[in-house]
Amino acid sequence: MTDHLQLTQLVDACRWIGAKGWAPATGGNMSVRQDDALCWLSESGKDKGSLTTDDFLQVEIATNRAPSGRKPSAETGLHTLIYRLFPQANAVLHVHTVNATVLSRLTKTTELRISGFEMQKSLSGQTTHLDTLTIPVFDNDQDIDALASRIAHYAQETPLNYGFLLRGHGLTCWGRDVAEARRHLEGLEFLFECEMRLRQLERL
Ligand SMILES: CSCCC(=O)C(=O)COP(=O)(O)O
Ligand SMILES: [Zn+2]
């Protein structure tokens, strides 16, 4: 069960994301879980850097339906999938950072592997830079139901932690609360930036 504080913290996170330039031109969407049945999702088409609590609407996790009749994010089906797959997930952040967008296109395979960075430990459960972090990369799709079922299928076979990339689109990540989702976003984005710079320098 999420209290009103989580929604307030989500609004703060959205402002931070906007200030970082990680949700340009209405890109991105954010949510918190209310309980087993409902989550609060950002309304579609808004500037995510200047949302207030009124810009979030309740969505049914099982059906993607918004009882209010307002239009939730175009990517509602990905948020609700995460809440269905992971009962411990209570906040989801989706962003369009340049690093996530470019690195996901540079990755020609279905997984991005990162190792050797101390900042891997910003992700819950990671204890050493010596491990290899695997971030799934899913081909983008305008059919969100189809995309959600590909992700669900992947998750049946392979552990899905922290987040995933959508090729040429962005990053979706989550946490047990807004603070953890925020830390995962900041940590992953830092790792993507390092990986991008390394690849650029190694080509010189
Ligand atoms: C110009 S943003 C394209 C749609 C998208 O990928 C996104 O994250 C925002 O969609 P929403 O419906 O949540 O505003
Ligand atoms: Zn998006």
Side-chain angles (χ1 to χ4, degrees), residues 6-7 9-34 38-61 63-85 89-107 110 112 135-152 154 160 162-175 178 181-182 184-186 188-189 192-193:
Q6 282 295 298
L7 190 52
Q9 287 185 10
L10 184 62
V11 168
D12 286 348
C14 291
R15 301 234 171 101
W16 168 72
I17 286 168
K20 291 274 197 184
W22 292 348
T26 77
N29 32 75
M30 300 81 184
S31 69
V32 283
R33 184 199 289 276
Q34 177 180 314
L38 294 166
C39 63
W40 290 91
L41 245 155
S42 49
E43 192 159 13
S44 185
K46 297 212 159 169
D47 170 19
K48 309 312 185 308
S50 51
L51 298 178
T52 71
T53 51
D54 292 341
D55 296 311
F56 288 82
L57 51 127
Q58 276 184 323
V59 171
E60 293 172 1
I61 290 170
T63 65
N64 296 335
R65 257 183 23 89
S68 63
R70 287 162 68 196
K71 190 174 173 212
S73 169
E75 288 156 25
T76 290
L78 303 187
H79 290 249
T80 56
L81 172 71
I82 292 160
Y83 292 129
R84 286 195 302 275
L85 285 177
N90 287 305
V92 179
L93 303 173
H94 166 69
V95 293
H96 292 187
T97 71
V98 172
N99 288 325
T101 304
V102 174
L103 199 51
S104 61
R105 288 198 56 174
L106 284 175
T107 307
T110 56
L112 168 67
I135 311 291
V137 184
F138 298 104
D139 285 334
N140 195 27
D141 201 325
Q142 300 305 321
D143 181 341
I144 295 297
D145 289 343
L147 180 52
S149 53
R150 271 193 283 127
I151 296 169
Y154 176 95
L160 187 50
Y162 328 112
F164 53 77
L165 285 162
L166 300 175
R167 204 179 316 278
H169 180 163
L171 167 70
T172 300
C173 63
W174 55 90
V178 172
R182 226 174 127 145
H184 286 165
L185 167 55
E186 194 167 27
L188 286 166
E189 177 54 27
F192 295 161
E193 170 86 28

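Predicted model, so just to flag it, every value in this text is computed and none were measured. Note that ligands are numbered from 1 as they come in the structure, with each ligand's atoms numbered from 1 the same way.
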Could you state the interatomic distance from CH2 (W40) to CD (Q58), rounded to the nearest 0.5 Å? 4.0 Å
At a 4.0 Å threshold, what atoms of ligand 1 neighbour a non-hydrogen atom of A74? 11 (P), 12 (O), 13 (O)
Quick one: pull up CG in L57 and CG in L38 and give me the separation to the nearest 0.5 Å. 11.0 Å
Rounded to the nearest 0.5 angstrom, the CD-OG1 distance for E75 and T80 is 11.5 Å
Looking at D12 and R182, is any side-chain nitrogen of the basic one under 4.0 Å from a carboxylate oxygen of the acidic one? no
Nearest to atom 12 (O) of ligand 1, what protein heavy atom do you find, and at what distance? S44 OG, 2.6 Å
Those atoms of ligand 1 less than 4.0 Å from some heavy atom in H96: 2 (S), 5 (C), 6 (O), 7 (C), 8 (O)
Looking only at atom types and distance, does a side-chain atom of T97 sit under 3.5 Å from a main-chain N or O of W22, one as donor and one as acceptor? no
Within the side chain of K48, is there an N or O that forms a donor-acceptor pair under 3.5 Å with the backbone of A23? no
Those atoms of ligand 1 less than 4.0 Å from some heavy atom in H94: 8 (O)
Any idea which protein heavy atom is nearest atom 10 (O) of ligand 1, and the distance to it? N29 ND2, 3.8 Å
Ligand-residue contact atoms, ligand 1 with T26, heavy atoms, under 4.0 Å: 1 (C), 9 (C), 14 (O)
Under 3.5 Å between some N or O of ligand 1 and some N or O of S42? no
Can you report which non-hydrogen protein atom sits closest to atom 1 (C) of ligand 1, along with the distance? A25 O, 3.5 Å
With respect to atom 4 (C) of ligand 1, which of E75, K71, H79 exhibits the smallest heavy-atom separation? E75
Should we say atom CZ of R105 is surrounded by more than 12 heavy atoms from elsewhere, each under 6.0 Å from it? no
Can you sort out which atoms of ligand 1 are near G45, meaning under 4.0 Å from one of its heavy atoms? 11 (P), 12 (O), 14 (O)
Is there a side-chain hydrogen bond (donor to acceptor under 3.5 Å, both in side chains) between Y83 and S31 once you walk through the steps? CA-CA 10 Å; Y83 292 129; S31 69; 2.7 Å; yes
Check ligand 1 against S73 and write out every atom of the ligand that is under 4.0 Å from a heavy-atom position of the residue. 11 (P), 12 (O), 13 (O)
Find all atoms of ligand 1 within a distance of less than 4.0 Å from any non-hydrogen atom belonging to G28, and give their numbers and elements. 7 (C), 8 (O), 9 (C), 13 (O)
When rounded to the nearest 0.5 angstrom, what distance separates CG in L171 from CZ in F192? 5.0 Å
Give the ring-plane orientation class for W174 versus F164, where under 30° counts as parallel, over 60° as perpendicular and anything between as tilted. tilted
Rounded to 10°, how big is the angle at the Zn ion (ligand 2) from H96 NE2 to H169 NE2? 100°
Numbered atoms and elements of ligand 1 in range of G27, under 4.0 angstrom, heavy atoms: 2 (S), 8 (O)
Report yes if K46 has an N/O atom closer than 3.5 Å to an N/O atom of ligand 1; otherwise report no. no
Using a 3.5 Å cut-off on N or O atoms only, is P72 in polar contact with ligand 1? no
